[in-house]
Asker: 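Below is one structure. I have some questions about it.
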2 protein chains.
Amino acid sequence: MNAAGLKKGLKATGRRVTRTRQAVLGLLERTPQPLSATEIFEQLQKENVAIDLVTVYRTVHVLKELGLVAQIELHHEGQARYEIKEGREHHHHIQCQMCGAIVDLLLCPLKKITKLIESQTKFVVDDHTLEFTGLCPRCQ
Amino acid sequence: MNAAGLKKGLKATGRRVTRTRQAVLGLLERTPQPLSATEIFEQLQKENVAIDLVTVYRTVHVLKELGLVAQIELHHEGQARYEIKEGREHHHHIQCQMCGAIVDLLLCPLKKITKLIESQTKFVVDDHTLEFTGLCPRCQ
DNA sequence: TCATCTATTGCAAGTGTATTGCAATTATCA
DNA sequence: TGATAATTGCAATACACTTGCAATAGATGA
């Protein structure tokens, strides 16, 4: 686990290194798919890590602030998911509408398009979301 | 108002032409921005159209099924918005993170990219979401 | 026009995700 | 080790949206 990065970030912002923060970060690091707060909660329960769902929410919030974790919102899912950000390229996702599987897309095609949008709208673009849905090879 | 389209769609699916359905469609047609269910509810109240919030939700659901209205979900807004679909090109939006203003983007750059993603992931892509956030000219 | 049938509506209650207040707990540091 | 302040768990709350059911109101045929 990126314990050093976690510790450094927490210290730098006057926060404490706790069991639960380490457990949540550790779980996200060893899970390939983005997890929802509920999934984090349930998985840690299974692993006998005592943690409240409220604490999961507060923890992912902190991890986001430290830049260690990214929050993603998939199409019509009605809940946020979290994944490790540190050491990974900016990317997007595709989700199967049958089985719910989530796969990373390794390209983000929006850099050029962002320039175009800025000149068209006179906005200063700060961020974007891009998510695809469809059928995965198994569910076709 | 596209009363003909509404009537035709409703009849074709064994549904009834009601005051509330006409009122919701009419409001969406004369409002340039996408509206949330609560905003539809409040605006119709102002106009002395008696309607319950529950009915707004049920109505936009029907209008979506008829293909007359599109549901959009902006970045971190936590609520869906609805806009007229009929007669309009497929498009996306940019929202100002200061004042909340929503502006249409007149291009969708994802047709070519969709092909690429399909060959990369072996998914069959069905839909996508793409939303930008930033600062509008006034708020910069 | 009126009666009948059934879709639609409003109200109340219920879901599910996420947040907040506060007292109890625990990490940190002298 | 003991003081102090951040963190946690629990209960309550907020908010978007949905569901059950009785009352209402379109649609249809006589």
Side-chain angles (χ1 to χ4, degrees), chain A residues 3-4 6-25 27 34-45 48-66 68-82 100, chain B residues 3-4 6-27 34-45 48-66 68-69 71-82 100:
Chain A
L6 177 62
K7 197 165 176 179
K8 191 179 151 197
L10 289 172
K11 295 276 178 182
T13 54
R15 284 189 258 240
R16 293 176 180 175
V17 181
T18 63
R19 275 186 186 290
T20 55
R21 285 172 179 166
Q22 293 177 88
V24 171
L25 185 65
L27 173 58
L35 297 177
S36 69
T38 311
E39 287 169 349
I40 294 170
F41 172 68
E42 286 170 354
Q43 183 56 36
L44 290 179
Q45 295 269 313
N48 294 312
V49 177
I51 189 170
D52 193 86
L53 180 58
V54 173
T55 304
V56 172
Y57 280 108
R58 287 195 270 230
T59 302
V60 292
H61 184 82
V62 169
L63 296 177
K64 267 198 300 176
E65 279 197 0
L66 300 184
L68 297 170
V69 159
Q71 175 174 339
I72 66 177
E73 284 168 35
L74 300 175
H75 209 178
H76 296 161
E77 264 220 325
Q79 59 178 7
R81 291 182 173 275
Y82 305 90
Chain B
L6 177 62
K7 196 165 177 179
K8 192 179 151 197
L10 289 172
K11 294 278 179 180
T13 53
R15 284 189 257 241
R16 292 176 180 175
V17 181
T18 65
R19 275 187 185 290
T20 55
R21 285 172 178 166
Q22 293 177 88
V24 171
L25 185 65
L27 173 58
L35 296 176
S36 68
T38 311
E39 287 170 348
I40 293 170
F41 173 68
E42 286 171 353
Q43 182 56 35
L44 290 179
Q45 295 270 311
N48 294 312
V49 177
I51 190 170
D52 192 86
L53 181 58
V54 173
T55 304
V56 173
Y57 280 108
R58 289 196 269 231
T59 301
V60 291
H61 184 83
V62 169
L63 296 177
K64 268 198 300 178
E65 279 197 1
L66 300 184
L68 297 170
V69 160
Q71 176 175 339
I72 66 177
E73 284 167 36
L74 300 176
H75 209 179
H76 296 163
E77 264 220 326
Q79 60 179 4
R81 291 182 174 275
Y82 306 90

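Everything numeric in this text was worked out from a predicted model, so none of it was measured. Every chain is numbered from 1 and lettered A, B, ... according to where its sequence line falls, protein lines coming before strand lines.
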Asker: Among residues at least two apart in sequence or on other chains, which ones pass salt bridge (charged side-chain N to carboxylate O under 4.0 Å, His left out) with A:Glu73?
Answerer: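 Result, salt bridge (charged side-chain N to carboxylate O under 4.0 Å, His left out) vs A:Glu73: none returned.
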
Asker: Just the rounded figure in Å: distance from P of C:dC29 to NZ of A:Lys7.
Answerer: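 Rounded to the whole Å, the gap is 9 Å.
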
Asker: With nearest nucleotide decided by heavy atoms, which residue, B:His61 or B:Val17, maps closer to the 5′ end of DNA chain D?
Answerer: B:His61

Asker: Tell me, please, which residues at least two apart from B:Gln45 pass side chain to side chain donor-acceptor pair (under 3.5 Å).
Answerer: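 B:Gln45 satisfies side chain to side chain donor-acceptor pair (under 3.5 Å) with no other residue.
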
Asker: Can you tell me how far apart CZ (A:Arg21) and CG (A:Leu66) are? Round to the nearest 0.5 Å.
Answerer: 8.0 Å

Asker: Sequence neighbours left out, what passes side chain to side chain contact (heavy atoms under 4.5 Å, CB included) with A:Lys8? Give chain and number order.
Answerer: none

Asker: Between CG of A:Leu27 and OG1 of A:Thr59, what distance do you get to the nearest 0.5 Å?
Answerer: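 If we round to the nearest 0.5 Å, A:Leu27:CG and A:Thr59:OG1 are 11.5 Å apart.
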
Asker: Just the atom pairs and distances: protein N or O near nucleotides 2-5 of chain C's N or O, under 3.5 Å.
Answerer:
none

Asker: Quick one, B:Leu63 and B:Leu6 - any side-chain contact, counting heavy atoms below 4.5 Å?
Answerer: yes

Asker: Write down the distance between CD1 (A:Ile51) and C1' (C:dT25), rounded to a whole number of angstrom.
Answerer: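 About 15 Å, once rounded to whole Å.
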
Asker: Once rounded to the nearest 0.5 Å, what's the spacing between atom CD1 of B:Ile40 and atom OH of B:Tyr82?
Answerer: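 Those atoms lie 7.5 Å apart.
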
Asker: Between the axis at one end of the helix from C:dT1-D:dA30 to C:dA30-D:dT1 and the axis at the other (five pairs apiece), what's the angle to 10 degrees?
Answerer: 30°

Asker: Counting neighbours of NE2 on A:His61 that are heavy atoms of other residues, nucleotides or ligands and sit closer than 6.0 Å, is the number greater than 12?
Answerer: no

Asker: Which residues pass the side chain to side chain donor-acceptor pair (under 3.5 Å) test with A:Arg58, sequence neighbours left out?
Answerer: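 Result, side chain to side chain donor-acceptor pair (under 3.5 Å) vs A:Arg58: none returned.
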
Asker: Please work out if A:Leu53 contacts a base, only the sugar-phosphate, or nothing of the nucleic acid, heavy-atom cut-off 4.0 Å.
Answerer: nothing

Asker: With the sugar-phosphate defined as primed atoms, P, OP1 and OP2, and the base as all remaining atoms, what B/S/- string results for nucleotides 11-16 of chain C, 5' to 3', for protein heavy atoms under 4.0 Å?
Answerer: BB----

Asker: The criterion is side chain to side chain donor-acceptor pair (under 3.5 Å); which residues satisfy it with B:Thr20, sequence neighbours excluded?
Answerer: B:Thr18

Asker: Using the salt bridge (charged side-chain N to carboxylate O under 4.0 Å, His left out) criterion, which residues pair with A:Glu42? Sequence neighbours excluded.
Answerer: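 With neighbours one apart ignored, the set is empty.
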
Asker: So for atom NZ, which belongs to A:Lys7, do other residues, nucleotides or ligands contribute more than 12 heavy atoms lying within a distance under 6.0 Å?
Answerer: no

Asker: Of all residues at least two apart in sequence or in a different chain, which pass the side chain to side chain donor-acceptor pair (under 3.5 Å) check with A:Gln22?
Answerer: none

Asker: Once you round it to whole Å, what is the distance between P of C:dT17 and CD of A:Glu77?
Answerer: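 Nearest whole value for this atom pair: 10 Å.
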
Asker: Below the 4.0 Å mark, does C:dT26 have OP1 or OP2 next to a side-chain nitrogen or oxygen of A:Thr18?
Answerer: no

Asker: Along DNA chain D, 5' to 3', what are the outermost nucleotides having an atom less than 4.0 Å from a heavy atom of chain A?
Answerer: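 The footprint of chain A covers D:dA5 to D:dA11.
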
Asker: In terms of the nearest nucleotide of DNA chain D, which residue is placed more toward the 5' end: A:Arg21 or B:Lys11?
Answerer: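 Nearer the 5' end of the strand: A:Arg21.
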
Asker: Round to a whole Å and report the spacing from CZ of A:Phe41 to P of C:dA18.
Answerer: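 It is 14 Å, rounded to the nearest whole Å.
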
